[in-house]
Amino acid sequence: MDKGNRTTMEFIFISFSNVPELHSNLHTPMYFFLANFSFLEECYISTITPNMLKNLLSDDKTITFYGCAVQMYCFLLLGSTECYLLAAMAYDRYNAICHPLLYNVIMSRNACVKLIVNSWLIGLMAAIIQTSLTFSLPFCGPNKINHFYCDIPPVMALACAFLLTIVSYTRIIWTIIKYHSTAGIKKAFSTCTSHLIVVTIFYGSASTMYLRPKSTYGTDMDKFISLMYTVIAPLLNPFIYSLRNNEVKYAARKMMHDIKIG
């Protein structure tokens, strides 16, 4: 090769062009919600973890006033959005089980997009209001935060979204018991198990943290409980949804097989 032509030479990235597309069974509203939920979890854990690791590895454990405000805003935005996204996912499962013949009409692409957008808009407004109210207060006392991130109890967003999830699953359970056979009950619950586990971990730890007397705040146990729903739960959720889902496991095996023979 002529060395003089190196400046005009180009390389072509093969990248992942040989990786086959996802299985068609994954192109459903449930997996559309899961894709958005996974993106939200990545953002959620990125809000807390980097600064937490910095505090663990460094002697400098400070955060600026505006840095604390930004972290709180991002945490409230993503946390509130997750509450309503979990409620939207419960509504999706409710329609899949209670209205199977109308499911594709009710949970159309347009309806799914609206549920996702509304979840983010509600989270956006909740974060703006709560962060603005918190940081409009005068700060004249100690500047030490007995926690590993800037947080306030988002009780209202938690309670409202949790109520929607409870209503959806109450209707699901009633419909399953009333109309389905034993085999149908087993199959119906298998489609909801992963979501129920995630909801239980998220709301269970968050409720333990926030829905209790204010006088009991400030203990080391609070930090471990917060760690559960800010770091551990987002890390576990992809495994919960994938390892308990036969369609995801089948699609993954098929994709790996296609890559090997390709």
Side-chain angles (χ1 to χ4, degrees), residues 33 36-55 60-91 113-166 199 202-219 221-234:
F33 284 117
N36 284 274
F37 183 71
S38 298
F39 169 74
L40 186 146
E41 292 285 70
E42 292 296 325
C43 297
Y44 188 55
I45 197 171
S46 298
T47 301
I48 306 297
T49 306
N51 191 66
M52 180 187 71
L53 294 177
K54 188 266 290 184
N55 291 336
D60 181 15
K61 303 182 186 301
T62 61
I63 186 170
T64 65
F65 177 85
Y66 293 107
C68 187
V70 170
Q71 186 186 57
M72 180 180 291
Y73 171 78
C74 293
F75 170 74
L76 292 174
L77 165 63
L78 298 168
S80 300
T81 301
E82 180 168 348
C83 290
Y84 287 95
L85 186 56
L86 287 172
M89 294 167 71
Y91 177 68
V113 171
K114 286 182 178 179
L115 287 171
I116 295 293
V117 171
N118 287 337
S119 297
W120 281 96
L121 288 177
I122 294 172
L124 179 70
M125 295 304 299
I128 290 175
I129 293 171
Q130 293 182 78
T131 306
S132 299
L133 290 175
T134 300
F135 285 89
S136 63
L137 298 172
F139 292 90
C140 52
N143 63 342
K144 293 183 179 180
I145 301 175
N146 188 19
H147 217 330
F148 58 89
Y149 67 98
C150 299
D151 177 34
I152 60 171
V155 177
M156 293 305 295
L158 184 69
C160 295
F162 192 33
L163 179 62
L164 295 175
T165 305
I166 290 176
V199 168
F202 179 78
Y203 281 113
S205 55
S207 298
T208 303
M209 179 66 189
Y210 296 118
L211 302 181
R212 56 193 175 90
K214 185 178 179 181
S215 59
T216 61
Y217 289 171
T219 65
M221 182 59 66
D222 293 346
K223 300 172 187 177
F224 288 106
I225 296 173
S226 297
L227 192 68
M228 173 63 72
Y229 68 86
T230 57
V231 179
I232 297 176

Novice: Rounded at 0.5 Å granularity, tell me how far OH in Tyr73 sits from SG in Cys150.
Specialist: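 Here the interatomic distance stands at 15.5 Å.
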
Novice: Looking at CG of Leu76 and CD1 of Ile128, how far apart are the two atoms once the value is rounded to the nearest 0.5 Å?
Specialist: 11.0 Å

Novice: Please give me the minimum heavy-atom distance between Val231 and Met52, naming the atom from each residue.
Specialist: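 Distance-wise, the nearest heavy atoms are CG2-CE, 4.3 Å.
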
Novice: Using the ring of each side chain (for Trp, its six-membered ring), is Phe39 parallel, tilted or perpendicular to Trp120, with breaks at 30° and 60°?
Specialist: tilted

Novice: Using modelled atom types and a 3.5 Å cut-off, is there a donor and acceptor pairing between side-chain atoms of Ser136 and backbone atoms of Leu133?
Specialist: yes

Novice: Restricting to non-hydrogen atoms, name the atom on Leu78 and the atom on Leu40 that form the minimum distance, rounded to 0.1 Å.
Specialist: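 What the structure gives for the nearest pair is O-CD2, 3.7 Å.
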
Novice: CD of Gln71 to CG of Asn51: how many Å apart, nearest 0.5 Å?
Specialist: 5.0 Å

Novice: Report the distance from atom CG of Leu77 to atom CG of Leu124, rounding to the nearest 0.5 Å.
Specialist: 6.0 Å

Novice: Just how far is it from atom CZ of Phe33 to atom OG of Ser38, taken to the nearest 0.5 Å?
Specialist: 13.0 Å

Novice: Taking atom NZ as the centre, does Lys114 end up with more than 12 heavy-atom neighbours from other residues, nucleotides or ligands that are less than 6.0 angstrom away?
Specialist: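 No - once you tally the heavy atoms of other residues, nucleotides and ligands closer than 6.0 Å, there are 12 at most.
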
Novice: To the nearest 0.5 Å, tell me how far Lys54 NZ sits from Asp60 CG.
Specialist: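 If we round to the nearest 0.5 Å, Lys54:NZ and Asp60:CG are 4.5 Å apart.
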
Novice: For Thr47 and Cys74, which heavy atoms make the closest approach, and how far apart are they?
Specialist: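 Result for this residue pair: CG2-CB, 3.7 Å.
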
Novice: For a quick test of reading the model, state the closest non-hydrogen atom pair linking Pro234 to Glu41 and the distance between them.
Specialist: CA-OE2, 3.3 Å

Novice: Do you know the tightest heavy-atom contact between Ala69 and Thr131?
Specialist: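 Where Ala69 meets Thr131 most closely, the heavy atoms are O-CG2, 3.7 Å.
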
Novice: For Ile122 versus Tyr84, what's the shortest heavy-atom pair and its separation?
Specialist: CG2-CE1, 3.3 Å

